[in-house]
Every structure is written in structure tokens, then in C-alpha cells.
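Input: a single structure, listed below in C-alpha cells.
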Amino acid sequence: TIVGPHEAVALIWAGLEEHWPRPRDFRWNQPHLVATEIPTAPRDPLVRRTSKDETDALYPACVAMYTEEVGISPELDGGRDLYRARVNQLVGRGWSFSRIEDGRVLFKAEVACATPSACQIQGVYVDPELRGQGLCTAGMASVVDICLREIAPVVSLYVNAHNEPARAAYRHAGFEQTGTFATIMF
């Protein structure tokens, strides 16, 4: 994957295009969003850090989200152990947030990386049967609140421009667009 600010990715690709194999997907328009203030949107009081004993329930939702977003399973070609280790690492760091009821993941999101200046959210997921009910907005408001108070003063993420429901949820949770990313996937 090549990912970053749109102009930089386009420039890199212009130099690589004739030398590298054809990518399986180009995502040229991915709004980069940031939140710097505690959200005014109602938070979901049931979204909290995922506990280690909930990893078995969380893992299938992580695989489902990744597969839906990227188009291939993270378990492909023997990747299961590595991906499971990454999920365990995020839970262990306190960077996994979820709402789990009776073993069912209703909402989840993770902090992919963090510095003292900012953190980046990844893996936002709402159970497909429950989409459109406001779980993403309330869940993200909770995640942003926790991240701003305990992890970093800026919370960021990027989203595919065509994903209007997610973009609306993020906007309601306090995110504003600051740039445009692009991703090329092989």
C-alpha cells in the first residue's frame, strides 16, 4: 500500500507506474479529518476500552471490517496469527474501543498509532444489521472524547469520499476535513 497526502501519492505513483505491477485499487479521494475538541454529540456510554477477555468476540469484527474495507481478508495467505497479534496489541495498549453486548460487537474502533501530538483512528465498524441507527456517531463521539482526554490533543482519521454515512457520522462526532489522502493498494 502507498498512502498519504494526495499530491505526494500521485507524485510517487507517477514515478513508479511504468515499473510496478498494476494496483488492485486506487482510492484518490480520501478526506483526512481531525477532531480537536470534546464532541458535542451525545456519546454512547457503553463504548469503552476493550478488555483482554473480549478479544475472542472482537476479533471476527476486526476481520469483517478489514475485509469489507480492503477487499481481502487479513487472514489470507497465513496472515491470521499476525493479524490476531496486532488486534491483541491494540487491546493490550488500551487502543481498542468497543461496545459489545452478549458477545456481539455492535461498534468498534482502534487507535492505529499515536504520538504526544496526535493519534489516528482506524477500523471503525458497526454491525451491518445495526447501521443507520446512530451507533457510529455516538461511538465515535465516545472514542474522540477518550482519546482527547487520555491519548493525544488531536484525533485524526481518513475515510473514502464515497462513504457518505461514515462521513456524516464523523462530522457529527466533531471531525473536520483538513486535507485529502490517497491510497494505492496492491
Side-chain angles (χ1 to χ4, degrees), residues 1 3-4 27 30-36 38-39 41 43-76 79-101 103-128 130-131 134-160 163 165-167 169-175 181 183 185:
T1 299
V3 63
R27 297 180 181 180
Q30 297 179 303
H32 179 265
L33 311 174
V34 300
T36 58
I38 301 297
R43 292 171 230 3
D44 183 337
L46 300 178
V47 170
R48 56 182 170 55
R49 283 187 164 93
T50 308
S51 66
K52 290 180 183 179
D53 65 335
E54 294 173 310
T55 305
D56 286 341
L58 178 69
Y59 183 75
C62 293
V63 171
M65 190 256 46
Y66 187 103
T67 303
E68 181 179 344
E69 177 64 26
V70 178
I72 58 172
S73 170
E75 297 183 327
L76 188 68
R80 183 181 195 285
D81 290 343
L82 183 60
Y83 191 66
R84 183 136 185 132
R86 175 64 173 159
V87 171
N88 286 331
Q89 178 189 46
L90 295 172
V91 170
R93 284 186 175 170
W95 287 2
S96 173
F97 304 91
S98 60
R99 177 177 175 179
I100 301 173
E101 294 180 6
R104 179 182 181 190
V105 176
L106 307 185
F107 168 86
K108 74 153 199 84
E110 296 92 29
V111 172
C113 55
T115 70
S117 301
C119 66
Q120 180 178 313
I121 303 297
Q122 70 171 18
V124 179
Y125 171 87
V126 173
D127 184 307
L130 303 173
R131 292 178 183 171
L135 287 172
C136 187
T137 298
M140 285 303 293
S142 296
V143 170
V144 169
D145 187 356
I146 296 166
C147 288
L148 289 175
R149 292 178 194 276
E150 302 177 18
I151 298 177
V154 174
V155 181
S156 70
L157 60 80
Y158 61 98
V159 60
N160 293 315
N163 192 344
R167 292 178 68 189
Y170 300 151
R171 193 168 35 254
H172 293 307
F175 285 90
F181 271 30
T183 302
M185 293 188 287

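We use all heavy atoms of the structure for the numbers below, so side chains are in, but hydrogens, waters and symmetry mates are not. As the structure is a prediction and not an experimental result, all values here were calculated from the model.
- Side-chain contact between Pro74 and Thr67: present, with at least one pair of heavy atoms (C-beta onward) separated by less than 4.5 Å.
- Looking only at side-chain heavy atoms (C-beta outward), Val124 and Gln122 stay at 4.5 Å or farther from each other.
- The minimum heavy-atom distance between Tyr158 and Gln120, with the atom names listed, is CE2-NE2, 3.5 Å.
- Contact record, Leu157 with Met140: CD2-CE, 3.7 Å, taken as the closest heavy-atom pair.
- Closest of all the heavy-atom pairs between Val155 and Phe175 is O-CE2, 3.5 Å.
- For Asn163 (side chain) and Ala166 (main-chain N/O), a donor-acceptor pair under 3.5 Å exists by modelled atom type.
- Side chains of Val159 and Gln30 form no contact here, defined as non-hydrogen atoms less than 4.5 Å apart.
- Using a 4.0 Å cut-off between charged nitrogen and carboxylate oxygen, Arg86 and Glu75 do not count as a salt-bridge pair.
- We find that Arg48 and Glu54 are joined by a salt bridge, their nearest charged nitrogen and carboxylate oxygen being less than 4.0 Å apart.
- Taking CG of Leu90 as the reference point, atom CZ of Arg93 lies at 7.0 Å (rounded to 0.5 Å).
- In this structure the side chain of Phe107 never reaches within 4.5 angstrom of the side chain of Ile100, judged on heavy atoms.
- Within the model, atoms NZ of Lys52 and CG of Leu58 stand 14.0 Å from one another, a figure rounded to the nearest 0.5 Å.
- The residues Glu110 and Arg49 are annotated as not salt-bridged, no charged nitrogen and carboxylate oxygen being separated by less than 4.0 angstrom.
- The two atoms that bring Gly103 and Ala57 nearest to each other are O-CB, 3.7 Å, heavy atoms only.
- Contact detail for Arg131 and Val126: the closest heavy-atom pair is NE-O, 2.8 Å.
- Salt bridge Lys108/Asp127: absent, no basic N to carboxylate O contact under 4.0 Å.
- Put simply, the side chain of Cys62 does not reach to within 4.5 Å of the side chain of Met65, judged on heavy atoms.
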Given Ile121 and Ser156, is the side chain to side chain contact (heavy atoms under 4.5 Å, CB included) satisfied, shown in steps?
CA-CA 6 Å; Ile121 303 297; Ser156 70; over 6 Å; no
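- With rounding to the nearest 0.5 Å, the separation of CZ in Phe97 from CG in Asp145 is 10.5 Å.
- Checking side-chain atoms of Thr137 against main-chain N and O of Gly134 turns up no donor-acceptor pair under 3.5 Å.
- Remark: Asp44 engages Arg99 in a salt bridge (Lys or Arg N to Asp or Glu O under 4.0 Å) (not counting sequence neighbours).
- Between Thr36 and Leu148, the shortest heavy-atom contact is C-CD1, 3.9 Å.
- With sequence neighbours left out, the salt bridge (Lys or Arg N to Asp or Glu O under 4.0 Å) criterion links Arg171 to no other residue.
- Atom CD1 of Ile146 is separated from atom CD1 of Ile151 by 8.0 Å, given to the nearest 0.5 angstrom.
- Put simply, CG on Leu33 and CZ on Arg167 are 7.5 Å apart, with the number rounded to the nearest 0.5 Å.
- Judged purely by atom type and a 3.5 angstrom limit, Arg149 has no side-chain atom pairing as donor or acceptor with the backbone of Cys147.
- Within the 4.5 Å cutoff, the side chain of Ser98 has no heavy atoms near those of the Val47 side chain.
- Taking the side chain as every heavy atom from C-beta outward, Tyr125 and Cys136 never approach each other to under 4.5 Å.
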